[in-house]
Amino acid sequence: MKEILEKLEDKREQARTGGGQKRIDAQHARGKLTARERIDLLLDAESFEEYDMFVEHRCADFGMDEQKFAGDGVVTGSGTINGRLVYVYSQDFTVFGGSLSATHAQKIIKVMDMAMKVGAPLIGMNDSGGARIQEGVAALGGYGDVFQKNVLASGVVPQISMIMGPCAGGAVYSPAMTDFIFMVEDSSYMFVTGPDVVKTVTNEVVTQEELGGASTHTTRSGVADKSFANDVEALVQMRRFFDFLPLNNREKAPARPTFDKPVRSENSLDTVIPSNPNKPYDMHEVINKLVDEGDFFELQPRHAGNILIGMARMDGETVGIVANQPMVLAGCLDIDSSKKAARFVRFCDCFNIPIITLVDVPGFLPGTAQEYGGIIKHGAKLLFAYGEATVPKITVITRKAYGGAYDVMASKHLRGDLNYAWPTAEIAVMGAKGAVEILYRKEKDDTDKIAKRTKDYEDLFANPFVAAQRGFIDDVIMPRNTRARIVRGLKKLANKDLENPWKKHDNIPL
Ligand code: HXC
């Protein structure tokens with residue numbers, strides 16, 4: 001009996017060494033942790049329960065029958081993060097470069113199935129050379145099966161991808177279908193085809209970092225939601241992020257007790273808006289002063305900076321924040337910011353997270369680049385996302401809310417539940433200057449007349465009261481009371497019950 005037990009321990013020990021010490025050392029030399037070390041850091045101590053530790057690939061070509069590693073390049077199982085259940089997979093680069101075989105795919109699918117069955121999020125730690133070349137089409141099939149599962153799990157349980165090494169070819173498309181992508185700087189890459197193929201096909205010479213490093217995907221492409229300096233920081237921050245999320249689409253996010261008073265009056269907000277309406281101010285400051293303990297987990301901070309998105313809490317309850325940022329492009333909506341915010345709004349709506357929208361928007365960004373790039377369709381994404389969302393929606397207009405962008409930003413017309421404005425709000429079709437130029441074109445050379453017309457327009461529209469008279473704004477509130485009003489509003493809306501008409505699914509303008 002003892003011998004049998006020891007045999008099991010030996011087998012486990014062997015599986016834990018993955019592709020062997022030499023490859024583990026190489027992984028460490030690159031500044032990367034191993035698959036198991038990552039799981040250890042991500043999950044609560046002693047909580048990890050591994051599945052399929054003894055699974056081996058079934059490929060016999062290219063001498064593969066002579067090379068078998070227990071676990072086949074991916075460690076899978078479940079555990080807890082701050083006591084809450086999560087399913088994980090962590091690709092082991094020391095085994096065939098973490099490449100995906102048919103059995104490797106089956107292991108991932110098994111934890112995805114479990115996650116969906118019990119209603120727990122899935123976190124994937126990706127570090128893979130893509131499809132296992134020796135397996136050919138069997139590996140492609142494996143990817144296809146994972147993709148299909150990603151689609152079915154979307155909107156059922158949160159799916160989060162951590163990119164912690166190369167991610168080439170098919171390896172990028174599973175993460176792309178998950179809710180969030182976090183990358184590690186200088187050691188992770190995502191591209192459909194690598195630099196060599198790019199050179200052959202387009203003659204472009206580009207490094208891995210330029211093509212698909214964290215810097216590229218957190219700034220230019222917006223594919224990744226955030227990046228971190230190293231594996232350890234990424235995993236620690238993932239634990240923090242996880243705490244904001246509900247386990248599945250039927251549950252609410254966990255409340256976290258806070259020492260921050262729900263009715264805290266924030267006097268400094270009364271003076272945050274500059275007297276010159278064209279002067280920017282940092283919307284981060286407003287957010288930090290409103291949310292519990294100034295704790296704002298910003299997503300995509302370096303992409304489309306004209307809109308801010310992220311998670312925070314109000315009196316302990318998770319909320320999604322969407323806010324125009326006057327510091328970048330005057331806070332206007334453009335293609336990138338619309339796409340960025342639309343996907344986030346949809347995530348919040350899938351997972352019962354109320355949305356707080358802070359509005360200071362001068363309109364959509366004009367120009368051929370935007371029109372040729374399809375701003376009509378992309379801007380409509382955000383409009384659509386807000387319009388379909390049934391979670392509690394509280395909107396505060398701090399300053400400008402002009403034109404179509406006024407409608408888009410969770411207005412009353414898109415079923416905003418509570419729409420507040422600060423006394424500094426200006427709700428109009430457009431700014432005074434633009435309006436006067438159009439209405440009084442014939443008087444354009446008479447500066448006195450134009451100045452008077454502009455002043456008249458401002459007096460009439462550069463305030464929240466015209467909208468308030470119509471009930472488009474529920475109340476004009478003192479900035480300092482904003483936190484108290486939002487917290488109170490959220491409590492009232494906690495049991496909000498609103499359903500969209502039955503449909504198979506909607507057809508958001510993609
Ligand atoms: C099998 C692989 C592999 C793969 C790497 N390895 N990728 N084995 N299939 N796809 C193995 C290597 O042979 C090596 O084995 C070990 O992993 C480490 O690889 P290195 O090349 O030594 O490491 P490094 O220099 O860090 O380069 C990592 C890499 C490179 C950038 C990922 O290995 C690479 O370019 N791999 C191929 C990427 C690729 O083209 N994949 C297919 C994509 S197509 P030893 O034994 O020496 O340790 C695809 C289609 C799916 O995914 C489409 C679905 C829709």
Side-chain angles (χ1 to χ4, degrees), residues 17-35 55-75 89-109 112 124-151 161-178 183-201 206-214 216-217 223 231:
T17 56
Q21 195 56 45
K22 230 170 110 189
R23 292 191 182 92
I24 292 175
D25 292 344
Q27 179 86 343
H28 286 159
R30 288 188 173 108
K32 292 160 66 183
L33 298 176
T34 64
V55 161
E56 292 177 351
H57 69 74
R58 291 190 282 271
C59 176
D61 301 323
F62 303 100
M64 287 293 276
D65 42 353
E66 310 276 298
Q67 302 176 62
K68 297 213 169 176
F69 297 90
D72 201 27
V74 63
V75 183
Y89 72 84
S90 182
Q91 289 178 314
D92 184 351
F93 192 79
T94 69
V95 175
F96 305 117
S99 58
L100 183 134
S101 66
T103 41
H104 179 127
Q106 276 168 9
K107 285 184 64 172
I108 293 176
I109 287 165
M112 294 177 84
M125 286 161 270
N126 297 271
D127 189 355
S128 166
R132 173 100 36 98
I133 294 165
Q134 297 90 331
E135 289 209 3
V137 74
L140 295 187
Y143 264 128
D145 294 341
V146 174
F147 300 157
Q148 177 65 69
K149 224 30 109 178
N150 285 129
V151 174
S161 300
M162 304 187 68
I163 312 297
M164 310 188 85
C167 241
V172 296
Y173 277 109
S174 172
M177 283 192 288
T178 60
M183 292 183 78
V184 179
E185 287 152 26
D186 303 319
S187 61
S188 74
Y189 308 96
M190 295 178 82
F191 29 70
V192 175
T193 53
D196 295 344
V197 179
V198 170
K199 169 92 177 61
T200 311
V201 177
V206 65
T207 63
Q208 285 201 40
E209 182 64 33
E210 287 164 349
L211 188 63
T216 295
H217 287 312
V223 163
D231 283 15

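Worth knowing before you read on, the calculation uses all heavy atoms, side chains too, and leaves out hydrogens, waters and symmetry mates. We count ligands from 1, going down the list as the structure has it; atoms in each ligand are counted the same way. Note that the structure is predicted; figures quoted are calculated from it, not measured.
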Ligand 1-proximal atoms of L140, by part, heavy-atom distance under 4.0 Å: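 Answer for L140: side chain.
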Test item: [X] side-chain N/O and [Y] main-chain N/O as donor-acceptor pair under 3.5 Å:
X    : Y    : result
D127 : M125 : no
K107 : V75  : no
K32  : S187 : no
T178 : P175 : yes
H104 : D72  : yes
N150 : M177 : no
T216 : E210 : yes
Q27  : L33  : yes
D92  : G98  : no

Does the side chain of [X] reach to within under 4.5 Å of the side chain of [Y], using non-hydrogen atoms?
X    : Y    : result
R23  : F93  : no
H57  : Q134 : no
T94  : K22  : no
Y173 : V192 : yes
F96  : Q67  : yes

Close approach, F147 and ligand 1, non-hydrogen under 4.0 angstrom: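 Yes; F147 lies near enough to ligand 1 that a heavy-atom distance drops under 4.0 Å.
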Min heavy-atom dist F93 to ligand 1 below 4.0 Å: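 In this structure, F93 qualifies as a contact of ligand 1 - some heavy atom is under 4.0 Å.
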If the cut-off is 4.0 Å to any non-hydrogen atom of [X], which atoms of ligand 1 fall inside it?
X    : value
G130 : 52 (O)
R23  : 45 (P), 46 (O), 48 (O)
G129 : 7 (N), 10 (N), 32 (C), 37 (C), 38 (C), 39 (C), 41 (N), 42 (C)
R132 : 9 (N)

Under 4.0 Å from [atom], is there at least one protein heavy atom?
atom                    : answer
atom 27 (O) of ligand 1 : no
atom 6 (N) of ligand 1  : yes
atom 33 (O) of ligand 1 : no
atom 55 (C) of ligand 1 : yes
atom 15 (O) of ligand 1 : no
atom 12 (C) of ligand 1 : no
atom 45 (P) of ligand 1 : yes
atom 1 (C) of ligand 1  : yes

Nitrogen or oxygen of G97 less than 3.5 angstrom from that of ligand 1: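 Between G97 and ligand 1, an N or O pair is found under 3.5 Å apart.
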I133 N/O to ligand 1 N/O under 3.5 Å: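 So ligand 1 has an N or O lying under 3.5 Å from an N or O of I133.
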Which heavy atom of the protein is the closest neighbour of [atom], given with residue, atom name and distance?
atom                    : result
atom 4 (C) of ligand 1  : S99 CB, 3.5 Å
atom 31 (C) of ligand 1 : P166 CB, 4.3 Å
atom 49 (C) of ligand 1 : G170 N, 3.5 Å
atom 10 (N) of ligand 1 : A131 O, 2.9 Å
atom 8 (N) of ligand 1  : F96 O, 3.6 Å
atom 22 (O) of ligand 1 : R30 NH2, 5.0 Å

